[in-house]
There are 2 protein chains.
Amino acid sequence: MPETSKPLRADAERNRRLLLDAAADAFAEHGLEVGVAEIARRAGVGQGTVFRRFPTKEHLIAAIVVDRMHQATARGREVLTDPDPDGALFELLASMLGSQQADRSLFEAVADTFLSNEDIRAAHTELVGVLDQLLGRAQDAGAVRDDVGALDVLMMFKGVCEATRAFSSVDADIAARQLELVRAALRPVGTSERLSGRPPTLADMERAFPRAEGKASA
Amino acid sequence: MPETSKPLRADAERNRRLLLDAAADAFAEHGLEVGVAEIARRAGVGQGTVFRRFPTKEHLIAAIVVDRMHQATARGREVLTDPDPDGALFELLASMLGSQQADRSLFEAVADTFLSNEDIRAAHTELVGVLDQLLGRAQDAGAVRDDVGALDVLMMFKGVCEATRAFSSVDADIAARQLELVRAALRPVGTSERLSGRPPTLADMERAFPRAEGKASA
DNA sequence: ACCTGAACACCGTTCAAGT
DNA sequence: ACCTGAACACCGTTCAAGT
């Protein structure tokens with residue numbers, strides 16, 4: 001629903017797209033510290049237009065992140081019918097890792113903005129939903145330990161993204177290796193080696209990331 | 001050696017300490033975005049003094065990080081004589097995780113500044129050295145798979161720090177859980193499940209983090 | 001040598017004027 | 001409604017004057 005809040009005027013919609021593309025390119029090349037002026041210049045619009053389309057620079061970043069999360073969710077739905085559930089799960093993670101390595105600072109933004117943004121919240125919930133299904137299938141097949149939840153996996157994945165960020169360009173193998181270690185961590189285990197506590201839930205995340213914006217509860 | 005470059009004048013040394021303490025407190029409370037003016041105020045010095053003691057705000061942050069890394073290294077040396085090598089390794093990691101949860105944005109800084117700073121480079125190398133010893137002992141005892149290196153472990157750990165950052169205050173259990181998953185990833189495995197490639201080395205890191213400052217190679 | 005705070009530079013954000 | 005760029009605010013950094 002946050003996607004179709006208002007049918008923008010033609011030029012506005014066009015500028016929005018131009019800005020998203022220009023910003024994605026600029027961020028991919030130079031990281032998040034590129035100035036708004038530079039982005040506006042690349043998009044061929046006035047500097048003020050940036051803030052007319054996005055309340056803040058962080059919202060612009062968030063919009064790009066939401067795009068990527070939607071892509072990941074779509075990819076997840078694709079592999080959902082894969083005959084090999086274990087392979088499907090890690091193919092999704094590998095695919096996400098690849099797209100985060102192409103860019104610089106992609107999920108980096110997620111760390112800060114995360115659930116403070118309503119759109120990211122929604123996209124995140126969707127992604128967790130797909131991950132949950134993939135994980136459940138892998139667990140049913142006995143390929144993954146059954147005491148982990150989708151958020152456990154997502155957190156580990158996020159860890160890999162962050163830890164290997166600087167290596168993206170230099171050594172893609174290092175990231176792949178870290179992903180293999182995640183896979184190793186998720187192998188089925190005996191009852192004596194079960195994890196403490198319970199898997200984190202979306203409610204835990206809600207608690208950790210206080211809701212900042214959003215126009216009340218209607 | 002970078003520690004004892006010049007015996008500062010008494011008041012300068014005192015101000016340096018005041019600034020480090022004030023900054024550590026401020027960052028712990030409000031994150032890295034606290035202004036230099038605020039830090040100077042807390043330390044009771046002029047704003048210009050900050051830049052006289054530290055060439056840049058990032059250097060100030062780096063100095064604090066170096067302090068923490070030294071603490072971690074010291075802790076690692078303590079547990080080096082622990083009769084249980086496996087326990088010693090994870091006690092160190094748990095201890096490091098605890099200190100990163102106390103602060104906010106501690107190893108967060110490491111991600112950006114990382115090896116661009118000469119002092120951090122040195123502290124990092126030391127820490128890796130101790131980790132390497134602890135890991136080697138655990139591997140010799142057969143408690144940890146032998147196809148991982150100290151940097152594999154450190155990267156996984158860094159991932160846990162990043163991924164659980166927001167949860168620090170809310171739910172310390174979640175971080176502990178992630179650390180247990182790291183432990184699971186490091187369990188010995190059959191020859192069919194070995195990792196691809198080779199463990200990352202310090203040379204890999206040097207390549208990933210271009211050397212920015214430092215007065216030539218003397 | 002070091003300290004200080006006013007001045008500078010830079011960049012995100014706002015807004016009056018224009019279409 | 002939306003676009004624009006000049007003006008504003010904020011914050012890291014510099015520097016002339018003081019000790």
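Below, chains carry the letters A, B, ... as their sequence lines are ordered, and counting in each starts from 1. Side chains included, hydrogens not; waters and symmetry mates left out as well; all remaining heavy atoms used.
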Where each pair must be Watson-Crick or G-U wobble with both distances under 3.5 Å, what dot-bracket representation of DNA chain D is obtained, with crossing pairs in [ ] and other-strand partners as |? ||.|||||...|||||.||

At a cut-off of 3.5 Å, list every protein nitrogen or oxygen paired with a nitrogen or oxygen from nucleotides 13-16 of chain D, distance to 0.1 Å.
| from | atom 1 | to | atom 2 | distance (Å) |
| --- | --- | --- | --- | --- |
| D:dT13 | OP1 | B:Thr56 | OG1 | 2.6 |
| D:dT13 | OP2 | B:Thr56 | OG1 | 3.2 |
| D:dT13 | OP2 | B:Lys57 | N | 2.9 |
| D:dT13 | O4 | B:Gln47 | OE1 | 3.4 |

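- As judged by a 4.0 angstrom heavy-atom cut-off over every strand, B:Val45 is placed among residues touching the sugar-phosphate backbone only.
- Here the side chains of B:Leu89 and B:Leu131 are in contact, with some heavy-atom distance below 4.5 Å.
- A residue-by-residue look at A:Glu13 and B:Arg9 shows that A:Glu13 has its nearest nucleotide of DNA chain D further toward the 5' end.
- If you take CG of B:Leu8 and C1' of C:dC3, they are 14 Å apart, rounded to a whole angstrom.
- Atom CG of A:Leu32 and atom P of C:dC11 are 15 Å apart (whole Å).
- Counting to the nearest Å, the C1' atom of C:dC3 and the CZ atom of B:Phe54 are 15 Å from each other.
- Residues B:Ser196 and A:Glu180 have side chains that bring a donor and an acceptor to within less than 3.5 angstrom of each other.
- Using a 4.5 Å heavy-atom cutoff, the side chains of B:Leu127 and B:Met96 are in contact.
- Using a 4.5 Å heavy-atom cutoff, the side chains of B:Arg42 and B:Leu18 are not in contact.
- No engagement by A:Arg14 is indicated, since no non-hydrogen atom pair under 4.0 Å with the nucleic acid exists.
- The interatomic distance linking A:Arg16 (CZ) with D:dC3 (P) rounds to 12 Å, in whole Å.
- One N or O on the side chain of B:Asp204 and one on the backbone of B:Thr201 form a donor-acceptor pair closer than 3.5 Å.
- Between A:Leu60 atom CG and C:dG12 atom C1' there is a gap of 12 Å when expressed in whole angstrom units.
- Nucleotide D:dC10 holds its C1' atom 15 Å from the CD atom of B:Glu38, rounded to whole Å.
- As a whole-Å value, the separation of B:Asn15 CG from C:dT4 C1' is 11 Å.
- Between atom CZ of residue A:Arg198 and atom CD1 of residue B:Ile174 there is a gap of 7.0 Å, rounded to the nearest 0.5 Å.
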If you apply the rule salt bridge (charged side-chain N to carboxylate O under 4.0 Å, His left out), what do you find for B:Asp86 with B:Arg183, and how did you get there? CA-CA 9 Å; B:Asp86 184 40; B:Arg183 191 167 199 163; 2.9 Å; yes

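- Using a 4.5 Å heavy-atom cutoff, the side chains of B:Pro199 and B:Val148 are not in contact.
- Using a 4.5 Å heavy-atom cutoff, the side chains of B:Leu202 and B:His124 are in contact.
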